[in-house]
Amino acid sequence: MTRHHDSRHAVSNQAVAADCARLADLLEIAGENPFRVRAWRNAAETIEGLGERLADAVAEGADLTAYPHIGKDIAAALESRVRDGVLPPLEEIAVRVPPELADLMAVKGLGPKGIKALYDAFRIRGLDDLAAAAEAGRVRELPGFGPKKEQALLAGIRQLRARGERRTRLDAAERLAEPLREWLAGGSGVGDVVIAGSYRRRKETVGDLDIVAVSSDGDSVMARLFAYDAIERTVSHGTTRSTVVLEGGLQVDLRAVPAESLGAALVYFTGSKAHNVVLRQRAIDRGWKLNEYGLFEGGRTLAGADEAGVYRALGLAWIPPELREDQGEVAAAETDALPALIEPGDLRGDLHAHTDWSDGKAGLEAMARAAAERGLEYLAITDHGPRVRVANGLDAERLRRQGEAIDALQPELSDITLLKGCEVDILEDGRLDLPDEVLAALDIVVCSIHFHLDLPRDRQTERVLRALDNPHCMIWGHPTAREIGRREPIDIDLERCLAAAAEKGVAVEINAQPKRLDLCDRHVRLALQKGCRLVINTDAHSVANLDLARFGVDQARRAWVTSEQVVNTLPLAALRRVLRPRP
DNA sequence: GCCGTTTTCGGCCCGACTGTTTTCAGTCG
């Protein structure tokens, strides 16, 4: 036995995945077997995508080889990494290859071969070394390099220093992508224009935009792209493919395809990479070839024009883009066992919304009418409780008066029912910031954490378990309190808390605010495994925010959620039976 | 180093673009 397992100091999945990815980079720079390199990269992706914590799995003695792309060797290394903090193969390669060389892989235009050449010739180990050598004009002297490459590397370094590896939030990507899509579609001779890639899979952030445009004449589509006014610079340009960077730094890859290849191109460029590998393997198994132009048997085209046709030819039902992550969707498509994913129109109500009684922008009536206009049957008014003082949270007396205001307003609203609610704060010790008898008068009680986000795991877990145990707690709001790109999720035993929520019948929120998307897709899937009911809420702080529900639905779809698993798809009467105080 | 309806060995995705070449390697997606 090694040292006592202390969950508070357990290593994060991200940290382990980063080590695996670094090892893969170093192996590649060292010129090792490329398939061994890929094995470690696959392992890194597996770990990054796990719903549960690898450290917990190891502590429980789980068999890591049950995970995809984790075999005997990698499993042993991972156990060592979790228990002793050391990934043995990484230690071994570090003797031969300076570990910091892996950082150079992030420079656009520089790969393992280039890194090795630069190190062998000039002992270049990091960004600073590389920048100095390039500025001194020494890089161009190396075989395989030249003046243009040298300038490209300097540009790559500048870009890396300016932006890092930052990804763009889905809502921000939409605001950039939709105008561009319309511009391209307005070009002469341009047919369908589809934004593929992780954007189409509705990932919470995108690294770049992959756009597929139908045209018999690639050059005219590309000309249309280069005439767009928000382009910062051109990275590459060809007849079938061009790459530009938009103002603000988002990269766009545009592919022109003939109509007969649109389906295959969409499959190919929507990805994910892992999904494509499975499809391609399936084609190979049948003696066929799948690429972005179609599905081929020798010279004969089996499919290509439409996406469903490509899947059909491979013996599969069409797979919604949100599921294309190699998480079992191909097997499900083979047996027609894909879930009927929830759709935005399935939502009948919203159970988390703020008004100008606390920190919302709009009044009760404006919110109610806006929700009705959007076709909702019910809207829960859940302003903050008193603990969130900066948001002008409501104490018991103001909450009572708000209830009277709702009662007075309701008769004037024919199309929608307002529910009296509150977003109460889960205090540091797990109590709520309003007493039980106040909560007992409400239709909907959302319990959320807003403060003390950095409690150690054990205390954070106990805190939430206690809140979930309150008989008035109906919804666990933005459970991990993360904000994308800004704030990490709280450290908590999520599995245990989700199991408790399932047992108590507390609905777990998918907060649709694009900055939150909390729970995230992986955790939603974990919640389903634990048997939780879900609720998709906008947490609206304005009328316009009521339109954000679809972002929550996107993440639910990515987690294989059907409408039956989401309580706010229920008619109001049924909802009331499901969400109510417990005895 | 992983994987298995060609299963314990022999595979492992592949096409476009760039810059360097003078027929192609490296990188990217």
Side-chain angles (χ1 to χ4, degrees), chain A residues 20 23-25 27-29 31-46 64-78 89 93 104-118 139-153 155-156 196-198 206-212 218 222 234-244 251-257 261 264-265 267-296 315 326 331 334-335:
Chain A
C20 294
L23 172 58
D25 287 345
L27 291 170
E28 197 173 24
I29 291 166
E32 294 270 335
N33 178 351
F35 301 110
R36 189 173 169 226
V37 172
R38 185 188 300 168
W40 279 100
R41 268 195 194 122
N42 288 338
E45 279 180 27
T46 293
L64 302 185
T65 64
Y67 296 130
H69 308 299
I70 308 285
K72 205 159 66 71
D73 291 5
I74 292 184
L78 293 177
I93 191 79
L104 290 172
M105 291 287 282
V107 179
K108 281 254 187 296
L110 193 56
K113 296 284 170 27
I115 292 170
K116 177 144 189 346
L118 289 164
V139 169
R140 69 179 69 184
E141 307 303 334
L142 273 184
F145 290 76
K148 285 196 169 172
K149 190 85 184 170
E150 192 172 75
Q151 287 307 307
L153 294 183
S198 50
V206 301
D208 61 10
L209 295 176
D210 294 293
I211 305 182
V212 177
M222 296 307 164
T234 300
V235 176
S236 71
H237 52 89
T239 302
T240 60
R241 193 184 108 184
S242 294
T243 301
V244 299
Q251 181 168 307
V252 176
D253 294 315
L254 175 62
R255 268 82 176 190
V257 302
S261 293
V267 169
Y268 189 87
F269 295 118
T270 298
S272 64
K273 201 181 282 184
H275 176 85
N276 285 352
V277 167
V278 176
L279 293 188
R280 202 184 295 268
Q281 187 58 50
R282 210 175 159 83
I284 292 168
D285 291 346
R286 288 160 176 70
W288 305 336
K289 186 172 74 166
L290 176 64
N291 60 27
E292 57 263 58
Y293 298 106
L295 179 63
F296 303 99
D326 188 23
E334 189 169 30
T335 55

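Just so we're on the same page: letters track the sequence lines, and every chain starts at 1.
Here the side chains of A/Ile93 and A/Leu27 are in contact, with some heavy-atom distance below 4.5 Å. Side-chain contact between A/Val244 and A/Gln251: absent, with no pair of heavy atoms (C-beta onward) separated by less than 4.5 Å. In this structure, A/Phe269 and A/Ile211 have side chains that are not in contact, with every pair of non-hydrogen atoms separated by 4.5 Å or more.
Electrostatic pairing of A/Arg41 and A/Glu28 counts as a salt bridge here, judged by a charged N lying under 4.0 Å from a carboxylate O. Salt bridge annotation for A/Arg241-A/Glu292: absent, with no cationic side-chain nitrogen under 4.0 angstrom from a carboxylate oxygen.
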Only distances under 3.5 Å count here; give the side-chain donor-acceptor pairs of residues 31-39 of chain A to other protein atoms, sequence neighbours excluded, each with its distance to 0.1 Å.
{"residue": "A/Glu32", "atom": "OE1", "partner": "A/Arg36", "partner atom": "NH1", "Å": "3.1"}
{"residue": "A/Glu32", "atom": "OE2", "partner": "A/Arg96", "partner atom": "NH2", "Å": "3.0"}
{"residue": "A/Asn33", "atom": "OD1", "partner": "A/Phe35", "partner atom": "N", "Å": "2.8"}

In B/S/- notation (B base, S sugar-phosphate only, - none; protein heavy atoms under 4.0 Å), nucleotides 21-29 of chain B written 5' to 3' is -----SSSB
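Residue A/Thr239 is classed as a sugar-phosphate contact, given heavy-atom separations below 4.0 Å to backbone atoms only. Using a 4.0 Å heavy-atom distance criterion, A/Pro34 is classed as making no nucleic acid contact. At a threshold of 4.0 angstrom between heavy atoms, the contacts of A/Asn33 include nucleobase atoms, whether or not backbone atoms are also involved.
Listed by first then second residue, pairs satisfying side chain to side chain donor-acceptor pair (under 3.5 Å) with a partner in residues 67-77 of chain A read A/Glu52-A/Tyr67, not counting sequence neighbours.
If you measure from atom CD of A/Glu334 to atom P of B/dT5, you get 10 Å, rounded to the nearest angstrom. Spacing between atom CZ of A/Arg38 and atom P of B/dG10 amounts to 19 Å, rounded to whole angstrom units. In this structure, A/Asn276 places its CG atom 17 Å from P of B/dC12, rounding to the nearest Å.
Under the Watson-Crick and G-U wobble criteria, each requiring two contacts below 3.5 Å, nucleotide B/dT8 is left unpaired.
Comparing B/dC12, B/dT18, B/dG1 by their closest approach to the side chain of A/His237 singles out B/dT18. Comparing atom distances between the A/Phe35 side chain and each of B/dC3, B/dC17, B/dC12 picks out B/dC12 as nearest.
Looking at residues two or more places apart in sequence or on another chain, you find a salt bridge (Lys or Arg N to Asp or Glu O under 4.0 Å) between A/Arg140 and A/Glu150. The side chain to side chain donor-acceptor pair (under 3.5 Å) search around A/Asp326 returns none, not counting sequence neighbours.
Remark: A/Arg280, A/Asp285, A/Lys289 in residues 280-290 of chain A come within less than 4.0 Å of DNA chain B through at least one heavy atom.
Considering only side-chain N and O atoms, A/Asn42 lies nowhere under 4.0 angstrom from the phosphate OP1 or OP2 of B/dC2.
If you find the closest nucleotide of DNA chain B to A/Thr65 and to A/Thr240, the one lying nearer the 5' end belongs to A/Thr65.
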